[in-house]
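All values below come from the heavy atoms of this structure, side chains included, with hydrogens, waters and symmetry mates left out. Everything numeric in this text was worked out from a predicted model, so none of it was measured.
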Amino acid sequence: PYLHEDERNFTGDQLLVCPMHSWRISHDNNPDFHDVMAVIQSVLPFGSLFAPIARPGCWPDPDMLQIHGMQHDLAGARSHVSVWAIASAPMVISFDLTNEELRSAMWPLISNRRVLDVNAAWAGHPGTLLAQSRNLPSNGSAVSNNPHLKHLVLRTQWQLWAKPLPGGSVAVLGINFDGFLSLEVSF
């Protein structure tokens, strides 16, 4: 996406032009919880709270869902699918559907109508990170094993994501990066 030099909206601001429906914004991720959580941070500049670039017809793509290698980490796979949905990231998956064990493990995640509806909903904002802890996880930090993502170190115990939905409701997702931490959230 880029700002068009010659066209302006009614307030005089330059119009954002998005010549593609979606575009890749990150390196490839691996089917690993820390990799996918590092990669999803790449959507943050496009989902600013007050002036998001991401919108229908202009979606930043952090990479496809890598759940095919996460069948033994269902909580990680569930977080992966959920954060892609709440960030309005394109929900592209690839795995062998003839693999009965994998299909059985992942089907409840990839066919969850409520999650898919959150991903597809548009109420003026693509969804973004609202808050995160300032404390390190008990293991120090969450570091990706992917050499292209080593610079994306998650030094937080938790993150809280949100996306407005039509009708005034809001989808909220809490991600716990510290398996020893118990979180309580009030609204």
Answer yes or no: is there a side-chain heavy-atom contact under 4.5 Å between Met37 and Val83? yes
Report yes if some heavy atom in the side chain of Leu102 is under 4.5 Å from a heavy atom in the side chain of His68; otherwise report no. yes
Once rounded to the nearest 0.5 Å, what's the spacing between atom CE of Met70 and atom CG of Asp32? 7.0 Å
Quick one: side chain to side chain donor-acceptor pair (under 3.5 Å) partners of Arg78, sequence neighbours excluded? none
Nearest 0.5 Å, please: how far is CG in Asn176 from OG in Ser79? 8.5 Å
Does a side-chain heavy-atom distance below 4.5 Å link Cys58 with Phe46? no
Where do Trp161 and Leu129 come nearest, in terms of heavy atoms and distance? CE3-N, 3.5 Å
As a quick check of understanding, evaluate side chain to side chain contact (heavy atoms under 4.5 Å, CB included) for Ile93 and Met64, giving each step before the final call. CA-CA 6 Å; Ile93 62 170; Met64 67 183 195; over 6 Å; no
Determine whether Ile67 and Val92 fall in the same hydrophobic cluster, where Ile, Leu, Val, Met, Phe, Trp and Tyr are linked whenever their side-chain heavy atoms lie under 4.5 Å apart. no
Using modelled atom types only, decide if a donor and an acceptor are shared between the side chain of Ser104 and the backbone of Glu100 within a distance under 3.5 Å. yes
Nearest heavy-atom pair of Ile25 and Pro60: which atoms, and what distance? CD1-CB, 3.6 Å
Find out whether Lys163 and Val170 are in side-chain contact, i.e. whether some heavy atom of one side chain is under 4.5 Å from a heavy atom of the other. no
Work out which heavy atom in Pro62 is nearest to a heavy atom in Pro90; give both atom names and the distance. CD-CD, 4.3 Å
Sequence neighbours excluded, the answer for salt bridge (Lys or Arg N to Asp or Glu O under 4.0 Å) partners of Asp61 is none
Contact check, side chains of Met91 and Leu65, non-hydrogen atoms, under 4.5 Å: yes
Yes or no on side chain to side chain contact (heavy atoms under 4.5 Å, CB included) for Asn112 and Val81, after CA distance, side-chain angles and deciding distance? CA-CA 10 Å; Asn112 184 318; Val81 171; over 6 Å; no
Please confirm whether the backbone N or O of Leu165 pairs with a side-chain atom of His125, one donor and one acceptor, at under 3.5 Å? no
For Ala89, does its backbone N or O pair with a side-chain atom of Asn119 as donor and acceptor, under 3.5 Å? yes
Ring pair (Phe, Tyr, Trp, His ring centres under 6.0 Å) against Phe95, all qualifying residues, sequence neighbours excluded: none
Taking the ring centre of each residue, are Trp84 and Trp59 less than 6.0 Å apart? no
Gln159 side chain near Gln41 side chain, heavy-atom distance below 4.5 Å: yes
Exam field: side chain Ser48 to backbone Pro45, donor-acceptor pair closer than 3.5 Å: no
Hey, are the side chains of Leu130 and Leu49 touching, using non-hydrogen atoms and a 4.5 Å cut-off? yes
Within 6.0 angstrom of Trp122 CH2, more than 12 heavy atoms from elsewhere: yes
Would you confirm whether Thr128, through its side chain, and Gly47, through its main-chain N or O, come within 3.5 Å as a donor-acceptor pair? yes
Does the side chain of Gln66 reach to within under 4.5 Å of the side chain of Asn30, using non-hydrogen atoms? no
